[in-house]
Chemist: 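My questions all concern the structure below.
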Amino acid sequence: MPPADETAPANASGLAARALAASAARRPYLEGLNAEQREAVETLDGPVLVLSGAGTGKTRVLTTRIAHIIATARAYPSQILAVTFTNKAAREMKLRVGLLLGEVAEGMPWLGTFHSIATKMLRRHAELVGLRPDFTILDTDDQIRLLKQVIAAENLDEKRWPARHFAHLIDSWKNRGLAPDKVPPGEGMAFGNGKGVKLYGAYQERLATLNAADFGDLLLHVITIFRAHPDVLGLYHERFRFILVDEYQDTNVAQYLWLRLVAQGRRNVCCVGDDDQSIYGWRGAEVDNILRFEHDFPGAKVIRLEQNYRSTGHILGAASALIAHNQGRLGKTLRTDAEDGAMVTVTGAWDSQEEARLIGDEIEALQSKGHALSEMAVLVRISAQMREFEDRFVNLGLPYRVIGGPRFYERMEIRDALAYFRIVTQPADDLAFERIINTPKRGLAEATLSLLHNHARSARVPLLRAAEALAQSEELKPKPRVSLRDLLIAISGWAERLENGTPHTEVAAQILEESGYTDMWKADRSAEAAGRLDNLKELVRSMEEFPDMRAFLEHVALVMEASDGEDEDRVSIMTLHGAKGLEFETVFLPGWEDGLFPNQRALDENGRAGLEEERRLAYVGITRSRRNAKIYFATNRRLHGLWQSTVPSRFIDELPQAHVEVAEGEAGYGAPRHAPSRFDNLPAFAASTYATPGWQRAQARQRMAEEASARGTGMRGRGAAGGFQNRIIEGEVVASSIAQGAGFIMGERVFHQKFGPGVVAAIEGNKLTVDFDKAGRKMVLDSFMQKAG
DNA sequence: ATTAGCATCCTTTTT
DNA sequence: GGATGCTAAT
């Protein structure tokens, strides 16, 4: 369908006249922009690359540019293509453009994520790649289940060739714009006894039969269409007078190819990005796209935004010096007019628990001084670090919010419910049918399913149709036959109700009730069951915003998010990746230890490029803060269930002395007291907490083990602390030895990190039986107990 | 058909 | 440590 749903301004001279008239008018939205920003906003014609450092007003430039285009009547909102990576960014941009123009602009139909815009295009031309316009979008889970079938169909051992691995491989091909026939022969050999490419092709065929596309297809199919049908591409050249791209450093090859095809029309393309904030290399982002820009769009104007409006001097100084250790940068020099403010602090902790304790205390201290919790964030390298902070904050009663947990639509109960909705609206959706056929349990498992599969394959019909035929025949035993028939009757009943206009939310609720799905969770005694039922209610409630079931499912596939109270005052806990684009007054950066951050695996797999990406991550972390950045490391951390002693991150050594200070720990917490350049000397604690006999014994044990390993394997690692690297201390040993001389007595009030306050009920060696006020009676190691005042 | 118990694997995350 | 996924037992 050609994109001709609105009339373009009648002709060029009409446009020019209006532009002239408008340019004479006042443009309040330009006020307050600095010279570089203003240039980035006003350079409308031809390709523009904006290199925008952290906190330099990138979003402001983008939104103002859009407002400028519209206000000067250079194009209608519907003639502007604006692409972001996340729905959140798209929403924010929409909102801010609206604010700038004061409600004048009706929604911009082509402002969205790469994927949502590609989907919109693909639905219009689906038949050109063998899909129907109402194709289903599969998520990763569906994708993997489908791949399992494809792999099994080739008689390959699923264990040797895991579907998950293959899914990554296919994604990486799709991210590079490679259809099955374009994959370099060598690469396909690596999987499935050399059948990689064949399997990829089989998978694509299955997708077509299912009338489905995975996330990678959305872009890839559109690229295929654009290449094979210049007339279709021409429609979009005609339409899009201006193109804007956010976070350009994160584009992968497919996105780049797509963009280049669309932008080669009028060449009014403006990309905004920061090579120093490229942190998605591992999922196919190509920083080189920034360098290629000038090559592909000759005569491109490059504008640097270097005035930082976010952070104080010390924070900017520390971050800039750190990132300067990277080679292969385009290079920017950020400057600020802000005061120096507080230095970046570095604090050492004995272990990760103490680290969490220190941060918790500091947050409470700030809070009591009147700082908002919503202005503080804990930014971790890996999600596994989050639990420790959650535990600690629960104990302190600090409200917190974890950002980037499992997404709402990825939860089991939501996916199950959606599968029901899908099969009702999309009879060909075999994956949905398979998901719900025996959920809740109706005695339709493997045996029945394989019978269905055989039928479906030989008759070349979807599973649902095969099931209908089978339910009439004698092939099934009476029991499964009856329950299959009941299910089919129910499904067609629901479909009918949707057809004849029963509100979709009502039908949805009925589906969940009548299928027995909610009953299944009501009968479940496990702790999460109640939450799952809530989620289901929330799901049905959220459907109200959509006109019908189909629109709802479309939305869900691409955008669905949990809506937890964003406006409450809470500390945020999130990964460094999740923090990109956000800012806080105070940022806590725990876990700066070699191996964790920079992450060992990034180093192993990608060498120096990996290290540089980790360093950019560190840079992103520090530059999230407006006033305070607080870095932490622990000398002992439990990884994969084992205690390991760790070495402070090399990034700490790279921080400039002029902007960084070593924090004095709270009394008794044993913060190291030495110069920042001497972090390698750890562990060298002399603080009182660790001067207990038990701890000294543990140290002696460490030394013995160390000497033993030195004799056995020779010295390794670096410097004086080298011997401590990679050494494993069993949790029990450390814990019980610290406990020596703890001297608890019966009836004593005690406190436990996890269970809270309680009373000692019995003592057995180093094990205490404690009646906790909240958690009841528990047996715990005394080393985990503290005496309560 | 269901489930308990055992082995295995551990970044980062969007769509 | 803990989630996940498979085997083996009921």
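Chain letters run A, B, ... following the sequence lines, proteins first, then strands; residues in each count from 1.
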Chemist: Indicate yes or no for a side-chain donor-acceptor contact from A/Gln385 to the backbone of A/Arg381 under 3.5 Å, with no hydrogens or angles considered.
Modeler: yes
Chemist: Can you check the distance between C/dA3 and B/dT14, where both ends of the measurement are the C1' atom (answer in whole Å)?
Modeler: 22 Å
Chemist: Taking the side chain from A/Tyr248 and the backbone from A/Asn289, do they hold a donor-acceptor pair closer than 3.5 Å?
Modeler: yes
Chemist: Using only side-chain N and O atoms of A/Ser116, determine if any of them is under 4.0 Å from OP1 or OP2 of B/dT15.
Modeler: no
Chemist: Would A/Phe85 pass as stacked on B/dT14, i.e. its ring centre under 5.5 Å from the base's six-membered ring centre and planes under 30° apart?
Modeler: no
Chemist: Could you tell me whether the phosphate oxygens of B/dT15, OP1 or OP2, come under 4.0 Å of any side-chain nitrogen or oxygen in A/Thr140?
Modeler: no
Chemist: Here's a test of your reading of the structure: between A/His577 and A/Ala447, which maps to the more 5' nucleotide of DNA chain B?
Modeler: A/Ala447
Chemist: A/His555 NE2 to B/dT15 C1': how many Å, rounded?
Modeler: 13 Å
Chemist: Measure from CZ on A/Arg283 to P on B/dT15 and round the result to the nearest Å.
Modeler: 8 Å
Chemist: Is any side-chain heavy atom of A/Leu576 less than 4.5 Å from a side-chain heavy atom of A/Tyr619?
Modeler: no
Chemist: Name the nucleic acid region contacted by A/Glu614, choosing base, sugar-phosphate or nothing; use a 4.0 angstrom heavy-atom cut-off, strictly under.
Modeler: base
Chemist: Look at A/Asn438 and B/dA1 and indicate whether a side-chain polar atom (N or O) is within less than 4.0 Å of OP1 or OP2.
Modeler: no
Chemist: Would you say A/Ser649 and A/Glu593 are linked by a side-chain donor-acceptor pair, where the criterion is simply a distance under 3.5 Å?
Modeler: no
